[in-house]
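I have placed the structure first, in the form of structure tokens, so that the comments after it can refer back to it.
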Amino acid sequence: MLEAARSADRNVYGWALEHRPIPELEDSDLAVVGISVSADTQLIAALTVARHVKRRRPDVHVVMGGNLTTRMVSRWQEEHPFFEYVDSFVSYEGEDALPALCDRITGADDRAVPGLLERDGRGGLLRTPAAMVDVADLPTPDFDGLPLDRYFAPGPVLPLQASRSCAWDCAFCSIPFASNKFRIRRADQVVRDMAALADKHGSDTFMFVDEIMTLTSLRGVSRQLIDGGHRLAWYGETRFSKGLDDELARALRDSGCRRLDLGLESYNQRVLDLMRKGTKVADIEPSLQALLGNKVPVHLFCMTGFPGETEEEALRTQEFAAETLRRSTEEFGVPYSTAANGPFILDVLSPVGERPDLFGVELIPPGKDEDLAFDLDYTVAEGLTQEDAVRLTSGGPKTSTGAAFHRGTWIGDAEEWSFLWAMAEAELPARRVTAPAVSYPGVDAVTMVRFADGVRARPSTTGRGILLHVPSSDALLSVPQECHPLLDGRFHAVADLWESFGSTAMAATTLVRLATHGAVTFEPVAAASHAHRLLWYAAHPHEVTDSRADGSCLLTSPETGNRVRVSAAGRLLWLLATDGVTAADLAARSRLQEQQLRPLLEDLTRHHVIAVASLHPDLLELPLPTAAAQRAL
């Protein structure tokens, strides 16, 4: 981790900080920088930021907190190398700890800092006991300073809590370890916060980040939203229970709930009992019937390979999840339900990790260089092995039935994505989104062009370009600043747009890219008075990877993620078409015969590597390649 934080050539976070330094570090009154680390995927970024702060402002106190931090520092017995960039760590909750730390550092107060871990100056550690926060006293969450207006989503999906920690103690979970005891907030406080944030930020979408929303929270929040006449959309996570009935499901729908995540884990009572899950299989189908019958989409969390589970039981869960998704669409008309199935992960701080002997498990100790390992390898006395669990969730014949696919669309890593689709009640796209077929009109000086319907555009943060999201091709584009006139959403004459570009070649290439993605709409004003010239252009700024000795390579579009392997001849045509070229010039410069050239052009066009444009001769004179470009070719 420390090596990654210091890496100058491989660490994208370090590169970004060097090119876009944190302006607040110039503030001479700055005394404390806090960094929250919720998951291990954030650790490299967090250490990189801490290093950057210490290099720029060694006088500033850097403190790190969050769920992962709590789990990580609980095992430290002596001064850790991370203290090179971090002055102190806070375990558990930070609402009381951070103000106390700031007061101590600035000299305003010397009261104890709950959960603080710091060096003792002799290679050891000093720990202050943690304290629980009274969630009833928490203010409305403050998102000031975050660029909420920069997201391409219809609006930011803001996080909220109706409760903290978890009231259960499932054998596979370490949440209770790192989040203190379970506490619940009053429903009127929660809805007050939702209304205040909606009014302040203009956002009507919320995600409850509770570890679990109890029936008390679900009933209370729903009733408060309905009685208050609020028109907000939200989703959260809960568990199957007898009380998740038709009356509650109807209230959830009426209050704006458009997704409910449920910890299914297994559709076998014996396995649920092994997990100490506390749910009954008999309550699962009635709960689903109530939710789907009231048009509330569900997401099923499934787990394969809990110690003692058999393959037959694992497949039964996968088949039940697949059947639920089918019924959701075909019987209930709810196409937004999803499911995700992953292998059992043995968390060292979970009940299984702390008492493996009770679950027929033997831990395989991590290597000496794995001091941050929280997930341990293991063997079992009976049932599916660790390897079996991986096989059944990532390579087995039943994989897709339990993975986070719906109608062939992968949505397991983006729960906000499916929530927003459900909120809009929009039709889900096909699994592989491709750019729509584009009809290139005869473009001349009087042709009008604008951004297509649904395209969202904004200036880039650097001020040197325009960022676009094109839903029809699922593409993110960065186009030159010269496209700025199109931001007003109105039609503009191509000739006027041309004048803002430094070269006709750049203007034409940009227009072809936009058209290929389906990002613009053309409106010819009048029939062209002259014949148009057909030119071939590179459609996307593909990147070359996996070049081979025969000249072939893999072309990857960073805008769509599409990849296509091309031959040496196809690669040559793509290079020749960088700034626009006629078919005759392509034939002459590639030395390909017509019977070879035509199929190649058709294949490259079908894969959106190159595209053809019809441009008026008065609008564009074909640019000649520079000497440097000729040498490159």
Side-chain angles (χ1 to χ4, degrees), residues 39-41 67-68 71-72 74-75 166 168-178 211-212 237 239-240 261-282 284 300-322 324 339-404 412:
D40 53 3
T41 51
N67 185 281
L68 181 75
R71 301 168 67 209
M72 182 172 63
S74 68
R75 300 189 290 177
C166 185
W168 284 268
D169 188 29
C170 299
F172 52 80
C173 184
S174 65
I175 286 172
F177 173 88
E211 305 300 348
I212 184 168
E237 181 176 339
R239 59 198 279 114
F240 287 104
D261 298 350
L262 295 133
L264 172 65
E265 320 308 353
S266 175
Y267 193 59
N268 303 275
Q269 192 61 57
R270 189 185 75 86
V271 178
L272 291 175
D273 293 342
L274 289 175
M275 294 176 173
R276 304 196 320 212
K277 181 72 180 173
T279 55
K280 301 296 182 183
V281 167
I284 293 175
L300 304 179
F301 289 110
C302 306
M303 181 185 300
T304 293
F306 187 83
E309 182 181 42
T310 67
E311 182 162 340
E312 180 182 5
E313 290 170 324
L315 294 179
R316 183 175 185 231
T317 301
Q318 292 191 11
E319 290 165 358
F320 175 78
T324 298
N341 185 21
F344 165 70
I345 303 297
L346 198 156
D347 191 314
V348 67
L349 298 175
S350 69
V352 175
E354 292 180 333
R355 289 296 308 275
D357 55 303
L358 297 180
F359 299 90
V361 170
E362 183 174 343
L363 304 181
I364 300 176
K368 292 182 179 180
D369 59 343
E370 296 178 356
D371 60 304
L372 294 176
F374 293 103
D375 305 333
L376 299 183
D377 291 330
Y378 61 94
T379 59
V380 292
E382 59 182 22
L384 293 171
T385 66
Q386 187 175 6
E387 293 75 17
D388 290 334
V390 172
R391 171 178 58 82
L392 289 172
T393 54
S394 62
K398 299 285 187 178
T399 301
S400 62
T401 60

Atom pair CD/CZ of Q386 and F344 - distance to nearest 0.5 Å: 9.0 Å

W168 and R276: CA distance, side-chain angles, deciding distance, side chain to side chain contact (heavy atoms under 4.5 Å, CB included) verdict: CA-CA 9 Å; W168 284 268; R276 304 196 320 212; over 6 Å; no

From CG (L272) to CG (L264), nearest 0.5 Å: 7.5 Å

Where at least one partner belongs to residues 300-314, residue pairs that pass salt bridge (charged side-chain N to carboxylate O under 4.0 Å, His left out), sequence neighbours excluded: R270-E313, E311-R391

Straight-line distance of D273 CG to K280 NZ, nearest 0.5 Å: 5.5 Å

Taking every non-hydrogen atom, the tightest pair across V271 and S266: CB-OG, 3.5 Å

ring-ring contact (aromatic ring centres under 6.0 Å, His included) evaluation trace for Y378 with F359: CA-CA 11 Å; Y378 61 94; F359 299 90; over 10 Å; no

Within-4.5 Å side-chain heavy-atom neighbours: D40 and L372: no

Spacing of E354 atom CD and L363 atom CG [to the nearest 0.5 Å]: 11.0 Å

Rounded distance (nearest 0.5 Å) linking atom CZ of R239 with atom CG of D261: 14.5 Å

P307 vs L274 side-chain heavy atoms within contact, under 4.5 Å: no

Shortest non-hydrogen contact between P351 and A171, atoms and distance: CD-O, 3.3 Å

Which atom of C170 lies closest to which atom of K277, heavy atoms considered: SG-CD, 3.8 Å

Heavy-atom side-chain proximity of F240 to L300 below 4.5 angstrom: yes

Nearest-0.5 Å distance that lies between atom OG in S350 and atom CG in L376: 9.0 Å

Closest approach of T304 to A314 (non-hydrogen atoms, all atoms of both residues): CG2-CB, 3.9 Å

Stepwise side chain to side chain contact (heavy atoms under 4.5 Å, CB included) test for R71 and V348: CA-CA 10 Å; R71 301 168 67 209; V348 67; 5.8 Å; no

Closest contact, heavy atoms only, A339 versus A321: CB-CB, 4.2 Å

Over all atoms of both residues, closest heavy-atom pair of G353 and L346: CA-CD2, 3.8 Å

Min side-chain heavy-atom separation E237-E211 under 4.5 Å: no

CA sep, side-chain torsions, deciding dist, call: V281, Y267, side chain to side chain contact (heavy atoms under 4.5 Å, CB included): CA-CA 6 Å; V281 167; Y267 193 59; 3.7 Å; yes

Backbone N/O of T279 and side chain of Q269: donor-acceptor pair under 3.5 Å: yes

